[in-house]
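FYI, side chains are in, hydrogens and waters are out, and symmetry mates aren't considered; it's all heavy atoms of this structure.
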Amino acid sequence: MPQLRLLSAAVLLALGLSACGGGGDATTTVPEGTTPGVAPSAIAGVLVDDLILGATVFCDGNDNGSLDAGESSATTDGSGRYTFGAACFAPIVSVAGTGYDKSTLKAPKGQYKALAGSQVLSPFTTMRAVSGLSDSEFSAVLTRLGLEGIDVATFDPTVDAARATTAAAIVKILNDVSEIVAAAGGDAAAAFKAATLAMALHASSSSGPAFASDADLGRLVAAASDAGLRGGNRNSAGGAIWSDKALANAQSLAAVGITTVASNIKKRASLLDALNDLSSHAAVHVVVDTDLDDDVQVGESRGKAGDATEMAKAQYLSLRGDAVEVTPLKAAASAHTLTQFAAGLPLAGQTLSTLSRLTLPLDSTAKALPRQGATVAVALEIENTATGGMLQGALDKVVLKRNSDGSVAATIPDDAKLYLYMKTAAGFEFGTGEDAKLGVATPLLSSDAGGLGIDLQKLASGMRKHFPGNTALINKVLEEQGTFQMKVVISESHFRHADGSRLSAGKVAVKVPGQSGIASKVQGVAVTGRVTF
């Protein structure tokens, strides 16, 4: 037998069958006296909530939930797909908070996990992995959730029209629970995991389908929201974010609001028809906008949370008049439509050095932003299409808050970090790199009651101040003439055109001078255009 074990091990090594493939550090321990079998493997797959783009996925060789040295990783592409450098023989895990959902344009707050060999990574593979249930027990769970007969390792709800809205409703429950916790400053990843486990266990012990009635659905949502909000009820210092009374009221409101939204989604004819419901965070905002220690407010909010018509209304931020405003230093501001901006604006007699501000005037529907505001990241990229010269800037924290008239104000927290990068036409690079030392002393955004004002002069001033040896190069770039491609990207918020149609998504990856690394990446809704000086 010892010789047989050695021979088996030798064959496995010869075939390159390690726990994670490509990393070289993760191995599988074979118990003494046994012959190892070939573990399930996968080299590629898709990350699904709706499709998740730009997220980090890794082969978790030691099954600890963390991306460690030697473990293969990949980034999902524009179709949510990922490919490892070699076959993965271990659980597949995503990094929470990376990438963005194709529908909501927000980063998933939870960490997804799939068992070895899975071709899909999703909330359903996560449920299977964390439930601890046997195959037959979990099959019963799926039946009660309205997903009878699926294999979560291959189930992609975005291409399964018959089950799409059922799957979307279930995922919306889990996502809204984690979003409530995130908005309150708690541990959203812990909330997602606790809610996922509670949902599986509730369905396992139930006698009938979860969507048989609103009462049945309400019990499922209550199980998930109670466990999720309790599991995520801690801040970064380990303290509770809610008192016992506030937690109980948050759980009660969440159960009502999320049940209303999930019921609406389940009744839709398709994912496209459910897009407003999926993109809306009305249930989240009902909870976080309520004084949870005030029983009167809680009662009023419970009525709002149960109003299916109101909860189904589209909630989003929009560009007022579909306009982009350009303000020169010595001339009046001019407004241009997004169509004109995309086609190209002729700005004769101007350069980047003579422009004061590029402004996106914003409006918000009633429940698109929580009362205390939403924190987003904002990035700007300007590239000379002829020479390749480039200017990039990104702020990791900008607070968007709705005014009483529906307009949106942008403010910058004191602890916001600013990342900068510049490349000249000759290829010379300089910038902050990953160490964003500039802070808010030279903000990329000016605080403006009517939207996001990108202050080009403050950006230029900051570059000169912190790179005094490159002042001449900075001035040369800013004074160049020609055609420049411009892009503004805003993360973690749902933006649309003034008529309610959706804006496209994009990203800005602020580069590290002289390296291939990225100092800061902002992904989300994108406003793009061209100017010719």
Side-chain angles (χ1 to χ4, degrees), residues 40 42 44-52 55 57 60 65 76 79-82 88 91-96 99 101-104 108-179 189 191-206 209-211 217 220-221 223-225 227-228 258 261-262 265-266 271 274 278:
V46 61
L47 179 57
V48 176
D49 180 324
D50 193 351
L51 299 174
I52 307 296
V57 175
D60 195 6
T76 59
S79 299
R81 302 201 65 82
Y82 57 87
C88 174
I92 304 165
V93 178
S94 69
V95 177
D101 182 292
K102 188 176 179 180
S103 292
T104 68
K109 300 299 186 292
Q111 182 179 59
Y112 298 169
K113 180 177 182 178
L115 300 179
S118 298
Q119 299 171 35
V120 171
L121 179 58
S122 73
F124 301 103
T125 63
T126 306
M127 190 180 297
R128 176 70 184 93
V130 304
S131 69
L133 300 173
S134 67
D135 288 344
S136 60
E137 290 171 332
F138 191 69
S139 178
V141 166
L142 292 173
T143 297
R144 288 166 188 148
L145 293 177
L147 300 173
E148 182 177 6
I150 71 166
D151 178 359
V152 295
T154 59
F155 175 58
D156 181 350
T158 66
V159 296
D160 188 332
R163 299 181 177 92
T165 56
T166 300
I170 294 167
V171 173
K172 181 63 170 174
I173 295 168
L174 301 173
N175 285 342
D176 271 8
V177 169
S178 56
E179 289 282 357
F192 183 87
K193 184 175 181 180
T196 303
L197 174 59
M199 179 180 284
L201 296 181
H202 176 86
S204 177
S205 62
S206 298
F211 290 97
L217 177 59
L220 177 72
V221 174
S225 59
I258 298 173
V261 172
I265 293 172
K266 179 65 171 67
L271 283 179
L278 294 171

Rounded at 0.5 Å granularity, tell me how far [atom1] in [X] sits from [atom2] in [Y].
X	Y	atom1	atom2	answer
Thr166	Glu148	OG1	CD	12.0 Å
Asp101	Lys109	CG	NZ	10.0 Å
Leu197	Leu133	CG	CG	8.5 Å
Leu145	Leu220	CG	CG	6.0 Å
Ser122	Leu51	OG	CG	11.5 Å
Lys102	Ser79	NZ	OG	7.0 Å

For residues [X] and [Y], report the shortest heavy-atom separation together with the two atoms involved.
X	Y	result
Ala194	Gly228	CB-CA, 4.1 Å
Ser118	Tyr82	O-OH, 4.5 Å
Ala198	Ala227	CB-CB, 3.4 Å
Lys266	Phe211	CG-CD2, 3.7 Å
Ala114	Val120	CB-O, 3.6 Å
Ala169	Ile265	N-CG2, 3.7 Å

Is a side-chain N or O of [X] found less than 3.5 angstrom from the main chain of [Y], in a donor-acceptor match?
X	Y	answer
Thr125	Leu121	no
Ser204	Ala200	no
Arg163	Gly146	no
Gln111	Val95	no
Thr76	Ala55	yes

With the side chain counted from C-beta on, respond yes when [X] and [Y] share a heavy-atom pair under 4.5 Å apart, and no when they do not.
X	Y	value
Val152	Met127	no
Asp49	Tyr112	yes
Ile52	Pro108	yes
Leu278	Asp50	no
Val48	Pro157	yes
Ile170	Phe124	yes

Open item on the list: Can you confirm whether Lys113 is buried at NZ, in the sense that more than 12 heavy atoms of other residues, nucleotides or ligands lie under 6.0 Å from that atom?
Closed with: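 Yes, the 6.0 Å shell around NZ holds more than 12 heavy atoms from other groups.
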Open item on the list: Looking at Glu137, I'd like to know if its CD atom is crowded, meaning that more than 12 non-hydrogen atoms belonging to other residues, nucleotides or ligands lie closer than 6.0 Å.
Closed with: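 Result for CD/Glu137: enclosed.
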Task: Candidate pair Ser131 and Val141, rule side-chain contact (heavy atoms from CB on, under 4.5 Å), full reasoning - done: CA-CA 10 Å; Ser131 69; Val141 166; over 6 Å; no
Task: Salt-bridge criterion met for Arg128 and Asp135 (N-O under 4.0 Å) - done: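 A salt bridge is present here (some side-chain N lies under 4.0 Å from a carboxylate O).
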